[in-house]
Amino acid sequence: MSFAIYAHPEFDAHETVLFGYDAATGLRAIVAVHSTHLGPSLGGCRMYPYADEAEALTDVLRLSRGMSYKAALAELPQGGGKSVIIGDPRADKTPALMHAMGRLVGRAAGSYIVAEDSGIGVADIRAMAEETAHVSGLAAEGAPGDGDPSPATALGTFLAMQVAAERALGSRDLAGVGVAIQGAGRVGTALAQHLRDAGARLWVSDTHALSAKACAQATGAEVVAPEAIYDVPVDIFAPCALGAVLSAATIPRLRARAVVGAANNQLATVADDARLLEAGVLYAPDYVVNAGGIIDIHYHRQGPYDAASARRHLDAIPRTLGQVLDAAQAEGRPAGAVADALARARIGRG
Ligand code: NAD
């Protein structure tokens, strides 16, 4: 098997792509640094049983560029990077493997700072921190909780939803507004709690039935089967589970007037950005909406944790989303394309 790096469709002038291997632990991992134009790159480490290294490379390159865009639009002094470990987090993860990953992160010499992502938790970051100083996602002195960014991600998504509702429904007041949440995990459930407090009507789905049930009990949401969530007659659809859920197959089914959710890479293809516009559905670009987590991580990294400043910075999310949606409407362009152009200008690639 062979694959291109510089000619890879997702390469997009990455500054560094580091392939790591550790014979003692079997670590196979890739660190991708898309841009350090605004500062050292920061992004999560994902551990996933990729079918092969080509799949892992495509994933890390796409995610890394997304982190550049996210940090730029969140007005953070940092760049975008990401790392992936090829393996099953439930079966293959050991402290020695995490130490080896920490050494690989160290070889990026501070151009990449690692954080949690799918399959990698706070304990794993602590193990990496025994080998490198270039870690984040751990609680700062004086901070509430353990540094988990999900509550901030959920709050940022809620603030973004108010702006999207103003544009799509005529009012930012979410009382009585119907919202379908796909994924009752850490972010989806916390978002449901904000929405319940705002008086929204809620529907929720999760492939893990107990998660959906727990969210419903905590928030009064109605549980819907995972495949049926696209068809619920709501005002807002909130993807908070996984990527590539907005596609030629699902967009025509949506009854919602707006899509605002925390999941990364929601568009299955670039064409789905325009497809949403043509369908009359307002799309709030995912990386604008879900930046609350990296904003919070930034304040943990500064330490001691300044909750008031972190909360004020979250207002960059609705502010930027408003700018993107206004420009999209004025120019008749899909919101995702407008956000991408703004992000690229901020990282010197306009
Ligand atoms: P999580 O793992 O806690 O929750 C995800 C939930 O989605 C799980 O309960 C899972 O069972 C469910 N799910 C998986 N496939 C599903 C499907 N097809 N239909 C319905 N439910 C399904 O993850 P999280 O931390 O809540 O993150 C949710 C999403 O937001 C992810 O895409 C993540 O990448 C993104 N995100 C999270 C953060 C954060 O701070 N946690 C920040 C930015 C982006």
Side-chain angles (χ1 to χ4, degrees), residues 42-48 59-60 62-64 66-67 69-71 73-74 76 80 82 84 89-90 115-122 125 136-139 145-161 180-194 203-216 218 221 223-232 237-247 249-250 253 259-268 284-300 310 314 317:
L42 189 147
C45 175
R46 175 171 292 188
M47 183 165 183
Y48 185 80
D59 203 33
V60 78
R62 290 192 69 202
L63 290 165
S64 163
M67 291 305 294
Y69 289 4
K70 192 186 298 196
L73 291 196
L76 287 165
K82 202 86 184 182
V84 295
R90 288 189 182 83
E116 297 91 345
D117 196 81
S118 159
I120 294 292
V122 173
I125 299 294
S136 63
L138 299 175
D146 63 358
D148 175 8
S150 308
T153 303
L155 179 55
T157 304
F158 175 75
L159 299 174
M161 213 175 261
I181 302 176
Q182 180 183 47
R186 291 169 298 180
V187 178
T189 298
L191 173 64
Q193 279 157 348
H194 288 297
W203 284 260
V204 68
S205 73
D206 201 297
T207 42
H208 187 242
L210 287 180
S211 298
K213 197 172 159 197
C215 178
V223 176
V224 187
E227 193 40 41
I229 195 76
Y230 302 103
D231 307 310
V232 184
F237 176 58
C240 295
L242 68 176
V245 295
L246 302 170
S247 67
T250 60
R253 289 169 58 187
V259 174
V260 189
N264 284 312
N265 296 335
Q266 291 167 24
L267 301 173
D286 46 17
Y287 59 83
V288 179
V289 170
N290 69 17
I294 57 163
I295 291 173
D296 198 53
I297 285 173
H298 172 75
Y299 285 89
H300 280 287
L314 275 186
I317 293 175

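In listed order, ligands and their atoms are each counted from 1.
Here the closest heavy-atom approach between residue His208 and residue Ser211 is recorded as ND1-OG, 2.7 Å. When every heavy atom of Lys82 is checked against every heavy atom of Val60, the shortest pair comes out as O-CG2, 3.4 Å. Residue Val187 comes nearest to Ser150 through the heavy atom pair CG2-CB, 4.0 Å, listed as atom of the first residue, atom of the second, then distance.
Here the side chain of Thr189 pairs a donor or acceptor atom with the backbone of Ala184 at under 3.5 angstrom.
Side-chain contact between Ile229 and Phe237: present, with at least one pair of heavy atoms (C-beta onward) separated by less than 4.5 Å.
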Which N or O atoms of ligand 1 sit under 3.5 Å from a protein N or O, and how far apart is each pair?
| unit_1 | atom_1 | unit_2 | atom_2 | d |
| --- | --- | --- | --- | --- |
| ligand 1 | 3 (O) | Arg186 | N | 3.0 |
| ligand 1 | 3 (O) | Arg186 | NE | 3.3 |
| ligand 1 | 9 (O) | Asp206 | OD1 | 3.4 |
| ligand 1 | 9 (O) | Asp206 | OD2 | 2.7 |
| ligand 1 | 11 (O) | Asp206 | OD1 | 2.6 |
| ligand 1 | 13 (N) | Thr207 | OG1 | 3.4 |
| ligand 1 | 21 (N) | Thr207 | N | 3.4 |
| ligand 1 | 25 (O) | Arg186 | NE | 3.2 |
| ligand 1 | 25 (O) | Arg186 | NH2 | 3.0 |
| ligand 1 | 26 (O) | Arg186 | N | 3.1 |
| ligand 1 | 26 (O) | Val187 | N | 2.8 |
| ligand 1 | 30 (O) | Ala262 | O | 3.2 |
| ligand 1 | 32 (O) | Ala241 | O | 3.1 |
| ligand 1 | 34 (O) | Asn264 | ND2 | 3.1 |
| ligand 1 | 40 (O) | Thr153 | OG1 | 2.7 |
| ligand 1 | 41 (N) | Ser150 | OG | 3.2 |

Anything under 3.5 Å between a donor and an acceptor, one on a side chain of residues 286-297, the other on a protein residue two or more places apart or in another chain? List them.
| unit_1 | atom_1 | unit_2 | atom_2 | d |
| --- | --- | --- | --- | --- |
| Asp286 | OD2 | Asn265 | N | 2.8 |
| Asp286 | OD2 | Gln266 | N | 2.7 |
| Tyr287 | OH | Ala339 | O | 3.4 |
| Tyr287 | OH | Asp340 | N | 3.0 |
| Tyr287 | OH | Asp340 | OD1 | 2.5 |
| Asn290 | OD1 | Lys70 | NZ | 3.0 |
| Asn290 | ND2 | Ala262 | O | 2.8 |
| Asn290 | ND2 | Asn264 | OD1 | 2.9 |
| Asn290 | ND2 | Asp286 | O | 3.4 |
| Asp296 | OD1 | Tyr305 | OH | 2.4 |
| Asp296 | OD2 | His300 | NE2 | 3.3 |

